Asks: 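Once you've had a glance at the structure underneath, I'll fire off some questions.
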Amino acid sequence: MTPANLADTVLSAARAVFETRGLDVAALPTTTSVERPRNPEHGDYASTLALQVGKKVGVAPRELATALAEELGRRDGIKAVEIAGPGFLNIRLDDASTGVIARTVVAAGSAYGRSTQLEGQRINLEFVSANPTGPIHLGHTRWAAVGDALRRVLTAAGAEVTSEYYINDAGAQVERFARSLYASANGLPTPEDGYGGDYIGEIAQRIVAAEPDLVGQPEETALPVFDARGYELMLTEIRESLERFGVHFDVWFSEKTLHGGGAVEHAIEELRKQGHIFEDGGAVWLRTTDFTDDKDRVLIRSNGEKTYFAADAAYYINKRERGFDRCVYLLGADHHGYIGRLKAIAACAGDDPKQNIEILIGQLVNLVRAGQPVRLSKRAGNIITLDELVEAVGVDAARYSLARSSTDSALTLDIEEITKNSSDNPVFYVQYAHARVSSLLRNAAEKGIVRADDYDPALLSHDREKNLLKTLGEFPAVVATAAELREPHRIAVYLEERVATDYHRFYDACQVLPKGEEQVTDLTHARLWLVEATRTVIANGLDLLGVSAPERM
RNA sequence: GCGCUCGUAGCUCAGCGGAUAGAGCAACGGACUUCUAAUCCGUCGGUCGCAGGUUCGAAUCCUGCCGGGCGCGCCA
C-alpha cells in the first residue's frame, strides 16, 4: 500500500464515520495525506485528519480520532491504529502491504514518479539568459543546474515545458563587447567601459585569424564585423558550455528580433487596447503603477529609442501569443527589483499576474577560498566559469551541489574544498548506492539468479527493508511537491537523506544473494525485487537532476 | 530613506502548521576472509537572530526590532 492509497483509505474511513454519526461530510477535505513519523513508535504512517476537522464539525479531535481508528482498523492491510496526543492517528500496516511497494515501483519502471498533476499546462521556463558578452560564470551556473532540473521535474509532473534562453543582444553592452574585441585585435587598451577578460583576447584572435585584413581597419568598417563574428562565437561558446553541462534549451530567443520585427510596436498596441499606455514629455509610458509597480515605466524614450523594458513587455506578450499559459522566470536576487514591473506587464496586458507569470528569485552564490570571501570581478580576473567548475569537479558533482539546496539560501562554495576534496561531494553517496545496486544485480546475473516473476511481499519484514520500502513509496509525492513548489532540490534531499541512506542501511543488515553453498530462497527473490525497485528510484531521481546513475564506481 | 530577501550545530545545508528540530563535513570511538568500507554503528555538538501575536500545536504563519545580501535610471 502506497502512502497515496493509505491516504485515500483514511479519507474513505472518515466519510464512513461521518455518515454513521450524521456529521457534515462536506467538512472533510477532498484530499488528505499521511506522513511518516520521525519516531518509529508512532507507527508506519500518521494522519492528522481528526485534528484538522474535529473542531469544524464540533467533535473533540480525540473522540473523532477514536471513531476513525476503529473504522480504519477494519480496512484491509492495516494492522493497528492508535490514537496519540491531541488526536494523531498512528497507523501500522501489515508487512505484506508495505512489501508490495516494490512491485508497484518495478512495474512502473522509468515512469515511476511521473504524474499528471500539471497535465495541460503549457509552461515557458526561462533561465540563465546571460549576456552574450562573456562566458557563463558561476553565478549563471546555479540557474543552469536548477533551471534544467526544474524543467525535468515539471515535465515529470505532466506539464508541457519549453526551456528558453533570452539573448540580450540589442543593447549597448554588445556594442561595448565589439569595441573591446576591436581594441584587443589592434593592440589598444581596453575601452573605459569595455570588457577585459582573457576571453576577449582569445575571441579577437579567432576573428582576426579568419579575417586578417580586419587589423588596422577603421572602426566604421571593422566594428560591425567584430560585432557579428564576436556575437556568433560567444553565443556558440555559451551554448556548447551549457550542452556539455547537460543543459538544453528548446528556444534561444534573440532580443534583437523583437526590435527588428515590430514586436515592440505590436506589444504597445496590445497594451494600449488595455488602456495602460500614456505619453509624457515626448516618451511613451506604461502605467505599471496601476498594478504592482512602484513607478511607471518608459517604453519609448523621447529620442525615439525603445527601452529594455519595452523589450521585456514585448517578450512577455510574445510568449503568451505563442500559447504559454505560464511564463516562469528564474532570476538571481540581484534582479528582484524586476518582480513588480514584470508582474505589472502581465496585469497591463489583461492577464492574471498570479497565474500567467511566475518569477522565481534565487539567492546568489558566494565564493570563499579557504574561508576567505572572494569577490568575483571581471576586472580582477577571478571569475569562475562554468567550464572551470566542470573541469575541477565534473558535471555530476557540479550540477548536484548547485541543485541540492533551496534557491532561497545563498550558497557558499569554498573553491579549495570543491577542487581539492571533490570526493566529499554528497552526490557520490547517492551514486554509490546506485553502483552498489548495479553491482549486486550484475552478481546475481553472473550466478544465474533471475528475479522471479513475483515475490511474497510479507517476507520483506525487516525494519530496514520496511524503511526502504516506505521511502521508495514516497517518491511520487516528492516529485509532485518539487514540481508544485518549483523546488527541484527536494529531489536531491530525498535521494540523499532517504533513499541512499535507507539502501545503505538495508545493504548493511540484509544479505541479498546466497553466500557460498546457500540456496536461492523466496527471500532472495523478494529482496531482488526491493533492490530493483531501489535502482529504479535512484535512477529516476538522478535523471530529474540531470546527474548520471553510474553502474560502477 | 523605501523595497525585496535571508538568519537553524564549529562549517555547509535540510525541515510546503504537527509529536523529542535533522543530515553531511569537522572531532572522537567501534564494524570488512563472503553481494563495492565512496559503506554501516556509536559519542560529542542547538536561546531555530531577538521580542510579541495567531493556533490544540510555530523553526514554519503575522507584526516589530537586530544583523547580512541585494535592488531602487527616459541604463542595459
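Throughout, a chain's letter reflects where its sequence line sits, starting with A, and its residues are numbered from 1. Owing to the predicted nature of the structure, the values given are computational and were not obtained by experimental measurement. FYI, side chains are in, hydrogens and waters are out, and symmetry mates aren't considered; it's all heavy atoms of this structure.
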Asks: Which value, rounded to the nearest 0.5 Å, describes the distance between L468(A) atom CG and H462(A) atom NE2?
Replies: 12.0 Å

Asks: Find the distance E474(A):CD to rC16(B):C1' and express it as a whole number of Å.
Replies: 14 Å

Asks: Identify which one of K470(A), K466(A), R92(A) satisfies the side-chain hydrogen bond (donor to acceptor under 3.5 Å, both in side chains) criterion when paired with D44(A).
Replies: K470(A)

Asks: Suppose we define a pair by two distances each less than 3.5 Å, Watson-Crick or G-U wobble; what does rU63(B) pair with here?
Replies: rA51(B)

Asks: A403(A) and V146(A): which non-hydrogen atoms are nearest, and at how many Å?
Replies: CA-CG2, 4.2 Å

Asks: Roughly how many Å apart are rC50(B) and rG67(B), using the P atom of each and rounding to a whole number?
Replies: 15 Å

Asks: Identify which nucleotide among rU39(B), rU36(B), rG18(B) has an atom closest to any side-chain atom of Y429(A), counting heavy atoms from C-beta outward.
Replies: rU39(B)

Asks: Are Q363(A) and L411(A) close enough that some pair of their side-chain heavy atoms sits under 4.5 Å apart?
Replies: no

Asks: Considering only rU36(B), rA14(B), rC75(B), which nucleotide approaches the side chain of R301(A) most closely?
Replies: rC75(B)

Asks: Take atom CD of E496(A) and atom P of rA38(B), then tell me their distance rounded to the nearest Å.
Replies: 18 Å

Asks: Counting side-chain heavy atoms from C-beta on, which of rA38(B), rG18(B), rA21(B) comes nearest to Y432(A)?
Replies: rA38(B)

Asks: Check every strand shown and say whether S302(A) touches a base, only sugar-phosphate, or nothing at a heavy-atom separation below 4.0 Å.
Replies: base

Asks: Expressed as a whole number of Å, how far does the P atom of rC41(B) sit from that of rG24(B)?
Replies: 9 Å

Asks: Taking the minimum atom-to-atom distance to the side chain of A435(A), which one of rG18(B), rU36(B), rC74(B) wins?
Replies: rU36(B)

Asks: Whom does rC44(B) pair with, Watson-Crick or G-U wobble, provided both distances fall under 3.5 Å?
Replies: none

Asks: Does N39(A) make a side-chain donor-acceptor contact with the base of rU20(B), cut-off 3.5 Å?
Replies: yes

Asks: Base, sugar-phosphate alone, or nothing: which one does T501(A) contact when heavy atoms must sit under 4.0 Å apart?
Replies: nothing

Asks: For the side chain of A46(A), starting at C-beta, report the closest nucleotide among rU36(B), rC72(B), rA19(B).
Replies: rA19(B)

Asks: Of the candidate nucleotides rU36(B), rA76(B), rC40(B), which contains the atom at the shortest distance from the side chain of D508(A)?
Replies: rC40(B)

Asks: Can you check the distance between rG30(B) and rC44(B), where both ends of the measurement are the C1' atom (answer in whole Å)?
Replies: 15 Å

Asks: Select from G281(A) and H335(A) the residue whose nearest nucleotide in RNA chain B is closer to the 5' end of that strand.
Replies: H335(A)

Asks: Please round to the nearest 0.5 Å and tell me the distance separating atom CG of L472(A) and atom OG1 of T536(A).
Replies: 9.0 Å

Asks: Any idea which of rU12(B), rC35(B), rC40(B) is nearest the R464(A) side chain?
Replies: rC40(B)

Asks: What integer number of Å spans the C1' atoms of rA59(B) and rG49(B)?
Replies: 12 Å

Asks: With sugar-phosphate meaning primed atoms plus P, OP1 and OP2, does D169(A) contact a base, only sugar-phosphate, or nothing at under 4.0 Å between heavy atoms?
Replies: nothing

Asks: Between N425(A) (CG) and rC13(B) (C1'), how many Å, whole number?
Replies: 13 Å

Asks: Pick the C1' atom in rU60(B) and in rA19(B), then give their distance to the nearest Å.
Replies: 15 Å

Asks: Using atom C1' of each nucleotide, how far apart are rA31(B) and rA37(B) to the nearest Å?
Replies: 9 Å

Asks: Should S406(A) and S409(A) be marked as a side chain to side chain donor-acceptor pair (under 3.5 Å) after you check the CA-CA gap, both sets of side-chain angles, and the distance that decides it?
Replies: CA-CA 6 Å; S406(A) 160; S409(A) 61; 4.9 Å; no

Asks: If stacking means aromatic ring centre less than 5.5 angstrom from the base's six-membered ring centre, planes under 30°, is H489(A) stacked on rA14(B)?
Replies: no

Asks: Apply the test salt bridge (charged side-chain N to carboxylate O under 4.0 Å, His left out) to residues E518(A) and K515(A): give CA-CA distance (whole Å), side-chain angles for both, the deciding distance (0.1 Å), then the verdict.
Replies: CA-CA 5 Å; E518(A) 289 175 9; K515(A) 294 193 276 189; 5.2 Å; no

Asks: If I pick the C1' atom on rG53(B) and the same atom on rA14(B), what distance separates them, to the nearest angstrom?
Replies: 28 Å

Asks: Ignoring the backbone of N90(A), work out which of rA19(B), rG18(B), rA23(B) is nearest its side chain.
Replies: rA19(B)

Asks: Please confirm whether any donor atom in the side chain of H336(A) sits under 3.5 Å from an acceptor in the base of rC70(B), or the reverse.
Replies: yes

Asks: For A410(A), report the nucleic acid contact type (base, sugar-phosphate, nothing); a contact means any heavy atom under 4.0 Å.
Replies: sugar-phosphate

Asks: Quick one: look up who rU39(B) pairs with, Watson-Crick or G-U, both distances under 3.5 Å, and put none if it's unpaired.
Replies: rA31(B)

Asks: Over how many whole Å does the gap from Y494(A) atom OH to rG15(B) atom P extend?
Replies: 16 Å

Asks: Can you tell which of rC25(B), rG18(B), rC35(B) lies closest to the side chain of E35(A)?
Replies: rG18(B)

Asks: Decide yes or no for P3(A) and S33(A): does some side-chain heavy atom of the first lie under 4.5 Å from some side-chain heavy atom of the second?
Replies: no

Asks: Using both distances under 3.5 Å as the test, list the Watson-Crick or G-U wobble partner of rG3(B), or none.
Replies: rC70(B)

Asks: Using Watson-Crick or G-U wobble geometry with both distances under 3.5 Å, which nucleotide pairs with rG22(B)?
Replies: rC13(B)

Asks: Can you check whether any acceptor in the base of rC6(B) is under 3.5 Å from a donor in the side chain of S409(A), or vice versa?
Replies: no

Asks: If you take atom types as modelled and just measure distance, does the side chain of S439(A) reach the base of rC35(B) with a donor-acceptor pair under 3.5 Å?
Replies: no

Asks: Round to a whole Å and report the spacing from CG of D408(A) to C1' of rC16(B).
Replies: 11 Å

Asks: As an exercise, state the distance from OG of S548(A) to CD of Q431(A), rounded to the nearest 0.5 Å.
Replies: 4.5 Å

Asks: With a 3.5 angstrom cut-off on both distances, give the Watson-Crick or G-U wobble partner of rG57(B), or none if there isn't one.
Replies: none

Asks: Counting any heavy atom closer than 4.0 Å, what does K447(A) reach on the DNA or RNA strands: base, sugar-phosphate only, or nothing?
Replies: nothing

Asks: Is there a side-chain contact between R527(A) and E465(A) in this structure, where contact means two heavy atoms from C-beta onward sitting under 4.5 Å apart?
Replies: yes

Asks: Consider the side chain of K295(A), meaning its heavy atoms from C-beta on, and name the nucleotide among rA37(B), rG73(B), rG22(B) that approaches it most closely.
Replies: rG73(B)

Asks: Taking atom P of rC13(B) as reference, at what distance in whole Å does atom CD of E487(A) sit?
Replies: 16 Å

Asks: Hey, which sits more toward the 5' end of RNA chain B by its nearest nucleotide, R436(A) or P37(A)?
Replies: P37(A)

Asks: Using the C1' atom as the reference point in each nucleotide, state the distance between rU8(B) and rA23(B) in Å, no decimals.
Replies: 13 Å

Asks: With the stacking rule set at 5.5 Å and 30°, tell me whether F88(A) counts as stacking on rG18(B).
Replies: no

Asks: Taking CG from D294(A) and C1' from rC4(B), how many angstroms apart are they, rounded to a whole number?
Replies: 11 Å

Asks: How many whole angstroms separate atom CG of D396(A) from atom P of rA38(B)?
Replies: 18 Å

Asks: Between rC40(B) and Y507(A), is there a base-stacking contact, meaning the centre of the base's six-membered ring lies under 5.5 Å from the residue's ring centre while the planes stay under 30° apart?
Replies: no

Asks: Does E446(A) reach a base, just sugar-phosphate, or nothing at all? Heavy atoms under 4.0 Å.
Replies: nothing

Asks: Remember a base hit wins even if backbone is also touched, and classify T481(A) as base, sugar-phosphate or nothing at under 4.0 Å, heavy atoms.
Replies: base

